[in-house]
Structures are given as structure tokens and as C-alpha cells.
> 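What follows is a single structure, and I will ask about it in a moment.
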Amino acid sequence: MEAMADGPVVRVERLHLETRWPTFVLAATAEGVRSQLGLRLYDDKSTLGGLNLYSTTSDTIDDEAQHMGELFAAHATIALRRTQREEQLNEALATRRLIGQALGW
């Protein structure tokens, strides 16, 4: 949520020391999460969602892993936007057919 609101990337290393989300930290560390990368999925128009990546093997996130996460988030944004566009087009076609039927076309 924080990546979607405050910035495109929220990097949380050494999760067990994090104080912003005490309830989450307790639950996540109990499951073995040691670090987290939060990424905003967005384009020029709006924020589409968020992507969270978790590590159970390292307390830190190296720069290359963050870069790969950002690339993945960019691709996910493209896929989500395309899916939304296809849904809009399908709805428009269905509406057009329904209107055509009502008008006797």
C-alpha cells in the first residue's frame, strides 16, 4: 500500500527491525519473511495496483534484484492495462449488440 501511495518503490530490508507495520511484521517474520520490495504498478494515467516481492533467504535486497523487480512491474503494468482495454472493448461490443437487438437490427 505504501508503494502505491508514496512512491514507486518501497524497499524494506531487515524486516524484523521495521516499526511502521507492527502487526504485519509479526505475521510476516513468523512465516520466515526477511525482506520485502513493494512496487507500484502505474502508467501515465493512474496507479493500477501494487506488487510485493518477499525474500525468505536474505535480510537485504541487492540493487540488481530491485532493478529486476522494477522491470517486472513495468511489464505487469502493460499486461494489466491491455487486459483492461480488452475488457472495455468486449463490454462495448456486447452493449452494441444488445442495443442493436432492442432496435431490431
Side-chain angles (χ1 to χ4, degrees):
M1 296 299 289
E2 190 166 320
M4 291 181 356
D6 296 336
V9 177
V10 174
R11 191 170 170 159
V12 182
E13 298 181 304
R14 294 171 187 81
L15 183 64
H16 66 284
L17 300 176
E18 182 58 57
T19 59
R20 289 177 282 187
W21 319 289
T23 304
F24 169 75
V25 169
L26 251 162
T29 55
E31 294 297 323
V33 177
R34 296 172 57 182
S35 58
Q36 175 185 352
L37 188 62
L39 302 152
R40 179 173 55 175
L41 303 179
Y42 67 103
D43 60 13
D44 294 340
K45 297 177 185 177
S46 63
T47 295
L48 298 154
L51 173 67
N52 290 306
L53 304 172
Y54 304 94
S55 176
T56 58
T57 59
S58 176
D59 286 333
T60 60
I61 300 165
D62 67 31
D63 292 336
E64 185 176 339
Q66 180 174 331
H67 180 70
M68 294 296 289
E70 290 173 8
L71 287 173
F72 186 79
H75 287 234
T77 298
I78 292 167
L80 281 171
R81 186 56 80 196
R82 180 179 172 134
T83 299
Q84 288 176 340
R85 178 75 174 140
E86 286 181 17
E87 284 180 14
Q88 291 169 347
L89 291 172
N90 285 334
E91 285 178 26
L93 285 172
T95 301
R96 184 171 185 261
R97 278 189 220 115
L98 186 60
I99 291 170
Q101 288 173 356
L103 295 174
W105 293 348

> Atom CZ of Arg40 and atom CG of Leu48: how far apart are they, to the nearest 0.5 Å?
10.5 Å
> Please name the pair of heavy atoms, one in Leu39 and one in Ala73, separated by the smallest distance, quoted to 0.1 Å.
CB-CB, 4.1 Å
> Give every residue pair that meets the side chain to side chain donor-acceptor pair (under 3.5 Å) criterion with at least one member in residues 68-80, sequence neighbours excluded.
Gln66-Glu70
> Salt bridge (Lys or Arg N to Asp or Glu O under 4.0 Å): which pairs involve residues 18-29, sequence neighbours left out?
Glu2-Arg20, Glu18-Arg20
> I'd like to check the side-chain hydrogen bond (donor to acceptor under 3.5 Å, both in side chains) partners of Asp63; sequence neighbours left out, ordered by chain and number.
Arg11
> Between Trp21 and Met1, is any pair of side-chain heavy atoms under 4.5 Å apart?
no
> Indicate if Val33 and Leu53 have the same hydrophobic cluster label, given that clusters are the connected sets of ILVMFWY residues with side-chain heavy-atom separations under 4.5 angstrom.
no
> Around Phe72, counting heavy atoms of other residues, nucleotides and ligands shown, do more than 12 lie under 6.0 Å from its CZ?
no
> Does Arg34 have any side-chain hydrogen bond (donor to acceptor under 3.5 Å, both in side chains) partners at least two apart in sequence or in another chain, and if so, which?
Asp59
> Linking I/L/V/M/F/W/Y whenever their side-chain heavy atoms sit closer than 4.5 Å, directly or via other members, would Val10 and Leu41 fall into one cluster?
no
> Can you name the closest pair of heavy atoms from Val25 and Leu15 and give their distance?
CG1-O, 3.4 Å
> List the residues meeting side-chain hydrogen bond (donor to acceptor under 3.5 Å, both in side chains) with Arg81, not counting sequence neighbours, and say none if there are none.
Asp43, Ser46, Gln84
> Name all residues meeting the side-chain hydrogen bond (donor to acceptor under 3.5 Å, both in side chains) criterion together with Glu86; count only those two or more places apart in sequence or in a different chain, and write none if there are none.
Arg82
> Distance from Thr29 atom OG1 to Arg14 atom CZ, nearest 0.5 Å?
15.5 Å
> Using modelled atom types only, decide if a donor and an acceptor are shared between the side chain of Ser35 and the backbone of Ser58 within a distance under 3.5 Å.
yes
> Check the hydrophobic clustering (I, L, V, M, F, W, Y; side-chain heavy atoms under 4.5 Å; chains of links allowed) and say if Tyr54 and Val12 are grouped together.
yes
